[in-house]
Amino acid sequence: MSFDLLTTVETGGCSAKIPPRQLEELLKDLHLPADPRILVDISTHDDAGVYKINDETALVLTTDFFPPLVSDGYDFGLIAATNSISDIYAMGATPLVALNIMMFPSSRIPMEVYREILRGGNDKAQEAGVSIIGGHTIDDYPPKYGLAVIGTVHPDRVITNAGVREGDELVLTKPVGTGIILAGHRLKMTTPGQLAAAVLTMKQLNNRGAELMARHSIRGATDITGFGLAGHALKMARASGVTIELYMKNVPLLDGTYSLAEQGCIPGAAFRNLDYTEGDTLPADGLDYTLKMIAHDAQTSGGLLMAVAPERSDKMLRDLHSSGDPEAAVIGKAVRRREASLILA
Amino acid sequence: MKTVDTRGLTCPAPLIKTRQGLNEASAGEDVEILIDNPTSFSNVKRYLSDNRLPYTVREEGSLAIVTVRRGEKTELSVNETEYCTTGSEEPAPKVRKTVVAVSSERMGSGDDVLGTKLMVSFFRTLVMLEPPPAAVVFYNAGVKLAMDDSPALDHIRELSEKGTAIYLCTTCINHFGIRDRLPTGSFSDMYQIVNILRDADHIICP
């Protein structure tokens, strides 16, 4: 592949999201439909909407697309599809079918790249057991790609942001740092190995974590994407009416993340996320500044953050480690609601 | 004076160069950072205030010049001499730290016009205080006193020049949507504000 997709963008992946505070402001006056069949809507800031069809089945719908975050079209397709499907897994659902969403400048980038992106999306969908059955393309620059995905779940087994209970331990399945590593890569500050490790985690489906959530009857979870670990944990805490304590020293980091952030390689999205969380977040005494900023690093196709009853967390970790998430770790705890929704320690 | 030129660079390169410049500067040397990217400008300021590095800002058209004052430690930082006395010696006389906490645009209640007049007069007089207060913390509507059209702004600037640290509550700034209209002072979070108030020997609340 000769065309470098990174030449088309300044910020790619989930870093390109609208600032969360602005988004909340915009959505706040929107009229939410009242329909008893809607089990989950945007009011709990969840990853996907859930619509009950009957007592056995609910539909789970989500869409996600973004500009390139890697140079190679095929990798971009794989990552975008993994990220889109992840929202279905985060709700405890099984993904079934999807539509492509593509914006592509037909006169400015070789059409070969278009094909590569779609091939990546298709391959990842196949791996997840998802059939892509249509799509839509708009001529636009820079390119953007993602999926709209539909899955199903039993209405009683929906996993949401609001399902965290006091005492639950929070388990994170993938290491954090994709935003910082990708920014470092653009400034030629990373090693090829560090970039490859970041790309590899972004291409990894959250399917095994989702299976384990079903097996362990998990009720509260989310996937970590554009709002960063702190932003998503805050949304969970608010939706569940608890306070979440995150122990940043226990958070698994991609190789290179800490040293890059310490050198000032902190993407703008991290500052936007910090703006969002700080009114309702208490940094603990002596919290390391670099770790605080890493907590706000926007992730693309990040891991699942699941709330696990303390007596089950050892077993959950063992299962995750043996099924392909070797870096999964307990990184926090839900406690009785305190003066702030999130405590960063 | 060391100069870091980040013109033409986008996030997070200006922040990385700022960090590098601070590392390379010799002890006490001021560092001047040239920034022409608004997002990076705001992030660099945020980074400096989070790391308790006092700075001043000068804007020339679309160019911002941020000067990090490395010579003048804020008076609230630990005073080494306090730790140098041995048990047998008399403790060194401690400089009393005065912090001013400002929670409103006006002084007192009763008449708003009068209240504004009094607050401006308060700051004019505060500048004459010797030694100057260690810090002034602005929160709630108090942050508006540091806005570009505030009648108290000149006095606040004078205080800053005399070595008083000026802290503005970030949550309040965001609440009023005035982030772009604050020519002086560092942005701080509640954690920092609570620490400043705790470390004060006395607090003046006008």
Side-chain angles (χ1 to χ4, degrees), chain A residues 6 9-12 15-16 19-22 24-25 179-190 259-294 296-298 339-340 342-345, chain B residues 4 6 8-25 31 33 35 37-53 66 68 139-140 143 168-180 187-196 198-199:
Chain A
L6 281 182
V9 280
E10 262 181 36
T11 48
S15 291
R21 210 155 44 83
Q22 198 179 346
E24 266 191 13
E25 197 59 35
I180 289 166
I181 297 285
L182 291 171
H185 166 61
R186 302 188 67 140
L187 295 163
K188 303 190 169 44
M189 293 170 76
T190 54
S259 102
L260 281 170
E262 201 179 28
Q263 291 170 68
C265 182
I266 305 168
F271 286 95
R272 289 204 302 267
N273 289 335
L274 181 62
D275 265 353
Y276 170 70
T277 63
E278 69 184 344
D280 198 9
T281 298
L282 213 60
D285 229 345
L287 168 69
D288 176 72
Y289 181 74
T290 304
L291 285 180
K292 172 173 145 185
M293 293 316 289
I294 290 172
H296 291 88
D297 182 39
E339 63 273 34
L342 182 64
I343 293 174
L344 282 181
Chain B
V4 175
T6 75
L9 300 177
T10 55
C11 284
L15 193 55
I16 296 170
K17 295 202 80 169
T18 298
R19 180 64 212 247
Q20 258 168 13
L22 289 169
N23 281 350
E24 287 162 12
V31 178
I33 308 145
I35 312 176
N37 174 320
T39 308
S40 292
F41 176 43
S42 129
N43 294 351
V44 164
K45 282 194 293 183
R46 176 76 212 238
Y47 180 84
L48 294 172
S49 49
D50 279 355
N51 286 284
R52 324 268 157 105
L53 296 160
V66 177
V68 185
Y139 49 88
N140 212 316
V143 291
L168 308 169
C169 152
T170 312
T171 311
C172 314
I173 293 163
N174 292 339
H175 177 79
F176 293 116
I178 55 172
R179 189 171 272 253
D180 304 330
F187 294 179
S188 51
D189 56 10
M190 192 51 79
Y191 175 74
Q192 194 177 12
I193 293 174
V194 167
N195 274 284
I196 291 163
R198 181 199 60 193
D199 293 343

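The model shown is predicted, which means the values in this text are computed figures rather than measured ones. A note on names: the letters A, B, ... follow the listed sequences, proteins ahead of strands, and every chain is numbered from 1.
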Taking every non-hydrogen atom, the tightest pair across [X] and [Y]:
X         : Y         : answer
Cys169(B) : Tyr139(B) : CB-CB, 3.8 Å
Glu339(A) : Asp280(A) : O-OD1, 4.4 Å
Glu262(A) : Arg19(B)  : O-NH1, 3.0 Å
Pro267(A) : Asp297(A) : CG-OD1, 3.9 Å
Ile178(B) : Val143(B) : CD1-CG2, 3.9 Å

Interchain contact, Leu187(A) with chain B, by part (heavy-atom threshold 4.5 Å):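 Only the side chain of Leu187(A) comes within 4.5 Å of chain B.
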
Between chain B and each of Leu260(A), Leu282(A), Ile180(A), Leu274(A), count heavy-atom pairs under 4.5 Å; write down the option with the most.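 Top option by heavy-atom pairs under 4.5 Å: Leu274(A).
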
Selection from Cys265(A), Ala183(A), Gly268(A) maximising heavy-atom pairs under 4.5 Å formed with chain B: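 Heavy-atom pair counts peak at Cys265(A).
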
Output the option from Thr18(B), Asn23(B), Asn51(B) having the highest count of non-hydrogen pairs under 4.5 Å with chain A.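 Greatest number of close heavy-atom pairs with chain A: Asn51(B).
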
Which one wins on heavy-atom pair count under 4.5 Å against chain A: Ile16(B), Thr170(B), Leu15(B)?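 Sorted descending by pairs with chain A, the first entry is Ile16(B).
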
